[in-house]
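Some notes on the structure that comes next.
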There are 2 protein chains.
Amino acid sequence: MTVMNDSPRRKELTRLAGQLFVQEGFDRTTVRMLAQEMGIKSGSLFHHFRDKQEILAAVIEEGTQNALTQARQALASCSPEPQARLHALAKAHLDTLLTDRNSHVVALYEWRRLDDEARDHLIHLRDAYETLWNEVIEDAIDAGLVKGELALVSRFVLGALNWTVRWYDPDGPRDSDELAKELVAMITQENPA
Amino acid sequence: MTVMNDSPRRKELTRLAGQLFVQEGFDRTTVRMLAQEMGIKSGSLFHHFRDKQEILAAVIEEGTQNALTQARQALASCSPEPQARLHALAKAHLDTLLTDRNSHVVALYEWRRLDDEARDHLIHLRDAYETLWNEVIEDAIDAGLVKGELALVSRFVLGALNWTVRWYDPDGPRDSDELAKELVAMITQENPA
DNA sequence: CAGTCACACTAGCGCTTGCTTGGTTGAACC
DNA sequence: GGTTCAACCAAGCAAGCGCTAGTGTGACTG
């Protein structure tokens with residue numbers, strides 16, 4: 001029970017915890033299971049994390065942080081047309097599912113297990129991510145490319161995207177580029193007014 | 001530990017269990033909490049349900065069954081145009097969130113806690129529901145109303161819809177009819193080829 | 001070479017968990 | 001008016017839980 005930092009050891013432990021949380025769920029994953037997976041004894045866990053909840057927060061933060069970074073980079077390096085920006089964001093989202101899948105699944109299912117402090121912190125990251133989407137969708141609506149009201153469209157789109165966690169297989173026959181293209185095609189008008 | 005039937009008492013207990021599962025999550029809801037909420041002692045619970053998992057299965061089955069019934073009725077009593085059928089299904093989905101919200105939230109979050117037997121049974125109900133959507137979406141694609149590939153479009157649409165559980169407030173300013181209209185508008189082409 | 005530090009260990013405390021057991025109740029039925 | 005039966009209770013077991021306390025280590029650092 002020393003302190004908490006972000007040592008490389010802690011990073012690795014967080015990655016392993018993510019795997020287990022996906023397989024078993026947070027509540028069903030015991031500190032003894034975690035320790036065994038990590039090759040240490042259960043007591044040693046609390047040298048790296050204050051308590052079990054902090055492990056959960058670390059897992060979720062990792063993926064959310066990366067998703068935000070990747071989304072920003074994608075927007076920074078794509079052409080400024082609304083359709084291209086929609087596509088870039090959707091592709092970035094699917095790509096993070098490849099690299100941080102466990103983290104996102106955990107974020108989706110175990111969000112409510114976070115204590116207030118951790119949730120407050122993470123909710124800001126999530127808001128920042130959704131704001132990116134809102135801006136891009138708003139531009140698309142203004143350009144007549146997408147029909148509907150901003151608040152609703154972005155919720156529908158984020159829903160469709162977040163749901164991909166449940167069925168998208170990064171090793172499957174379709175890559176993220178194709179899927180992003182399909183999603184954008186579905187919600188955009190072919191002959192904008 | 002007598003047997004399991006579907007007495008009215010059991011129905012009521014299932015409803016209460018749904019509430020608690022939403023508030024606390026399945027794993028964090030103890031049989032003692034359930035019993036207290038139901039006004040009985042924890043041991044008496046096992047007169048109505050074989051074990052804790054069976055309570056979960058009962059909660060989920062209730063909502064899924066109703067969703068299927070309502071969706072079928074909605075399709076049976078609407079005009080045959082693809083757009084009208086899309087709208088009818090979407091509205092039916094949102095309406096079940098009004099009557100069976102707890103059940104659907106639990107189905108969404110706690111699906112993996114089901115044992116194999118219960119999951120096998122429920123997966124058939126879920127498949128039947130998704131088949132309804134697939135048929136309606138396929139017609140819409142064939143009519144040139146919606147762009148894209150059936151498997152992907154239906155996953156995106158079901159994702160957007162299932163996600164509504166997380167934000168749709170039936171007591172809010174918009175009723176299910178408006179929301180359904182918005183969703184259909186978003187994915188349909190204004191000037192079909 | 002003494003001191004510090006990150007990391008790990010052993011051992012177990014105090015509590016909660018799902019579920020069982022054996023028995024009681026009160027209404028319904030013939 | 002004895003029988004049946006769903007519904008409930010009191011009591012508790014065995015297992016498992018998160019977490020703590022106290023104690024080595026071996027590798028760096030002054």
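Bear in mind that the values here come from a model prediction, so they are computed numbers and not experimental data. A note on names: the letters A, B, ... follow the listed sequences, proteins ahead of strands, and every chain is numbered from 1.
Counting to the nearest Å, the C1' atom of dT16(C) and the CG atom of Asp27(A) are 13 Å from each other. In this structure, Ile40(B) atom CD1 and dA6(D) atom C1' are separated by 13 Å, rounded to whole Å. In this structure, CG of Leu56(B) is placed 13 Å from P of dG18(C), rounded to the nearest angstrom. Rounded to a whole Å, the CZ atom of Phe49(A) is 11 Å from the P atom of dA8(C). Glu54(A) places its CD atom 16 Å from the P atom of dG18(D), with the value rounded to the nearest Å. Atom-to-atom, CD1 of Ile55(A) to C1' of dC17(D) comes out at 14 Å; the value is rounded to the nearest Å. When the C1' atom of dT21(C) is taken as reference, atom CG of Leu45(B) falls 16 Å away, rounded to whole Å. The separation between Arg28(B) atom CZ and dG16(D) atom P is 20 Å, rounded to whole Å.
Using a 4.0 Å heavy-atom criterion, one finds that Lys41(B) contacts the sugar-phosphate atoms exclusively. Residue Arg9(A) is in sugar-phosphate contact alone, with no base atom involved, counting any heavy-atom pair closer than 4.0 Å across all strands shown.
Residue Gly39(A) is the one, among Ser42(A) and Gly39(A), whose nearest nucleotide of DNA chain C lies closer to the 5' end (criterion: closest heavy atom).
Nearest nucleotide to the side chain of Thr30(A), out of dG18(D), dC19(C), dC19(D): dG18(D). Set against dC9(C), dG12(D), dC9(D), the side chain of Ser44(B) has dC9(D) as its closest nucleotide. Among the nucleotides dT20(D), dC17(D), dA7(D), the one closest to any side-chain atom of His47(B) is dA7(D).
Between His93(A) and Trp133(A), the ring-plane angle classifies as perpendicular under the 30° and 60° cut-offs.
Phosphate proximity of dA8(C) to His48(A): present, with a side-chain N or O under 4.0 Å from OP1 or OP2. Distances shown here put a side-chain N or O of Lys52(A) below 4.0 Å from the OP1 or OP2 atom of dG18(D).
The backbone N or O of Ala74(A) lies less than 3.5 Å from no partner atom in the side chain of Lys91(A), so there is not a single donor-acceptor pair.
Contact annotation: side chain of Arg32(A) to base of dG16(D), donor-acceptor pair absent below 3.5 Å.
Between the side chains of Asn134(A) and Ser154(A), at least one donor-acceptor pair of N or O atoms lies under 3.5 Å. A donor-acceptor contact under 3.5 angstrom links the side chains of Ser176(A) and Asp95(A), judged on distance only.
A heavy-atom distance below 4.5 Å is found between the side chains of Trp111(B) and Arg126(B).
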